[in-house]
There are 2 protein chains.
Amino acid sequence: MRMRDFSRPTTLNPDRLFGQVAQRLAVAIISGRIGAGELLPNEDDLRADISVSRTAYREAVKVLTAKGLVEARPKSGTRAAPRDRWNLLDTDVLAWHFEADPNEKFIRDLFELRRFVEPSVARLAAQRRTAADIARIEAALRAMIDNPPYSDACVRGDLAFHEAIFAASQNAPLQCLSSAVIATLQWSLVLKKGVDEAFIASLPDHENILAAIVERDGDLAAVRMAGLVIDSLNTTLASVNVSQAEPDKITRIKHTK
Amino acid sequence: MRMRDFSRPTTLNPDRLFGQVAQRLAVAIISGRIGAGELLPNEDDLRADISVSRTAYREAVKVLTAKGLVEARPKSGTRAAPRDRWNLLDTDVLAWHFEADPNEKFIRDLFELRRFVEPSVARLAAQRRTAADIARIEAALRAMIDNPPYSDACVRGDLAFHEAIFAASQNAPLQCLSSAVIATLQWSLVLKKGVDEAFIASLPDHENILAAIVERDGDLAAVRMAGLVIDSLNTTLASVNVSQAEPDKITRIKHTK
DNA sequence: TTTCCGGCTATCGTATGACTTTATCGCAGA
DNA sequence: TCTGCGATAAAGTCATACGATAGCCGGAAA
């Protein structure tokens with residue numbers, strides 16, 4: 001699946017050779033083409049795909065090992081790890097999922113995580129935000145409003161909006177979860193691209209969240225963020241199901257507020 | 001800081017040479033001894049620390065790159081990355097934090113994350129748990145009860161208890177956060193080791209959480225889990241402050257329920 | 001025929017040296 | 001002063017070799 005990539009600058013330089021090899025292998029594992037079995041024998045892979053030296057191959061494997069996608073043990077070989085070992089919240093691992101087929105369960109799970117976390121983050125942001133945080137969130141919102149829906153600048157604004165709120169929470173481990181939120185936004189973008197109404201309808205919600213954060217009203221910010229996430233989930237899932245022609249699988253979540 | 005290590009089997013084999021080098025460098029970065037500056041030049045490090053080949057060194061760097069701890073660019077060198085690039089939720093990165101000095105802010109942040117996430121996870125677990133999940137949670141609880149406090153088996157039981165609840169949530173990305181919970185438990189263990197009362201007092205709380213999950217009462221499970229997390233935070237922070245002889249920094253969080 | 005032991009071999013880990021690529025920095029020329 | 005080109009330094013890549021280890025298989029003994 002080819003698409004525009006707005007994910008944060010990853011640690012893994014795609015220009016480099018080992019990065020390409022890592023991505024190749026990662027996608028093969030994530031898409032299930034390798035699935036907990038043995039990896040392609042060292043030599044085979046070298047000869048077959050691209051003639052790549054053992055160094056590049058090993059460094060790619062090291063990257064995948066660090067992200068939990070493979071387990072290498074002397075002699076028994078380098079095998080794809082079971083899914084529950086993967087660092088599913090790692091930026092690169094999330095990005096690689098976009099290269100594989102979209103998996104509705106996975107998207108739901110990410111939205112679920114987001115639904116639990118992001119309202120709390122918004123609450124913290126409202127309590128702890130500095131003037132600089134406000135300026136950053138405002139700038140992101142401006143980019144969303146001033147640019148046509150789904151334009152690059154607009155999408156970047158959306159991502160920046162959520163990231164800025166995470167940053168305002170002043171909690172470093174929590175900020176690591178922003179990549180998961182970014183991922184859901186990207187999935188939304190892919191799945192419901194072209195549907196401008198949903199995006200435009202969400203703009204006032206974004207503005208209201210900012211307002212609550214400005215007012216330092218944590219509870220209000222949390223409630224509004226929860227609403228935004230649920231709306232996003234519903235429109236995204238609707239697009240998934242429409243595009244898959246399975247409208248019966250639409251399961252909306254009602255606002256509790 | 002030397003300690004018993006109960007973290008889940010990490011992907012990064014400490015027997016291997018590159019793993020040791022990676023840990024060495026990681027601790028130097030996390031502890032701040034390197035802090036966003038340049039890394040030791042390749043050759044220097046080789047000669048100085050241990051005579052280690054370029055291969056092992058490079059693979060160690062690749063691992064750290066994958067976890068966001070360093071950024072390598074041709075010409076400008078391999079630099080330690082700013083903290084907001086680190087994968088703070090990565091199992092290894094969390095484990096490496098135990099080798100550096102304890103950082104109260106970091107522990108607070110982890111507990112905060114846990115406070116947001118774990119009650120929701122408990123709710124999901126109550127809604128989705130299977131019979132196998134119940135058995136797993138019960139077994140973990142048994143290990144906590146049947147073994148003396150802070151014994152290896154007991155601690156493992158505690159970790160298994162929380163991991164089993166995460167597993168019962170049936171949400172893979174969410175499960176990745178269990179390593180952060182494990183980390184807070186380990187910090188608690190380190191900081192308040194020897195204080196048996198707090199542990200024994202928490203046993204009924206654990207039992208009640210299990211009961212709520214058995215009864216499929218999601219809200220109750222969430223409330224009880226929230227209480228457990230807050231209690232754990234308070235006793236842990238108290239130990240931190242006592243051990244640092246700064247009792248004025250104790251800031252308890254009141255139960256809302 | 002079954003079982004156990006030991007060597008064989010495949011595969012990862014480590015070491016070494018040479019060459020390539022890339023990006024920075026400084027010097028020279030306009 | 002500005003521009004651009006080349007020297008340079010560091011990471012990246014390649015090729016090769018050797019060591020260590022765990023599984024495999026065959027032979028020997030019961």
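Order of the sequence lines sets the chain letters (A, B, ...), proteins ahead of strands, with each chain counted from 1. In this text, all values refer to a predicted model and were calculated from it rather than measured experimentally.
- Where A:R73 and B:A72 meet DNA chain D, the nucleotide closest to each residue was compared, and B:A72 sits on the side nearer the 5' end.
- Side-chain contact, A:N87 with B:N87: no donor N or O sits under 3.5 Å from an acceptor N or O.
- OP1 or OP2 of D:dT13 has not a single side-chain nitrogen or oxygen of A:S53 nearer than 4.0 Å.
- For B:T78, no side-chain nitrogen or oxygen approaches OP1 or OP2 of D:dA10 to under 4.0 Å.
- For C:dT11, the base has no donor-acceptor partner in the side chain of A:R79 [N/O atoms by modelled type, under 3.5 angstrom].
- Axis angle across the helix from C:dT1-D:dA30 to C:dA30-D:dT1, with five pairs used at each end and values rounded to 10°: 10°.
- Ion pairing between a basic and an acidic side chain is recognised when a charged N comes within 4.0 Å of a carboxylate O; A:K62 and B:E59 show such pairing.
- Rounded to an integer number of Å, the gap from A:F18 CZ to C:dT22 P is 14 Å.
- The minimum heavy-atom distance between B:P173 and A:L88, with the atom names listed, is N-CD1, 3.7 Å.
- In this pair, A:F98 and A:W187 present their aromatic rings parallel. The plane angle is below 30°, not in the 30 to 60° band.
- The closest side-chain heavy-atom distance from A:I34 to A:V70 is not below 4.5 Å.
- Residues B:R142 and B:E138 are not paired through a salt bridge, judged by the lack of any N-O separation under 4.0 Å between the basic side chain and the carboxylate.
- A:S76 comes within 4.0 angstrom of nothing in the nucleic acid, heavy atoms only.
- Between B:R58 and D:dG12 there is a side-chain N or O to OP1 or OP2 distance below 4.0 Å.
- At D:dG12, none of the side-chain N or O atoms of B:K75 fall inside 4.0 Å of OP1 or OP2 (strictly under the cut-off).
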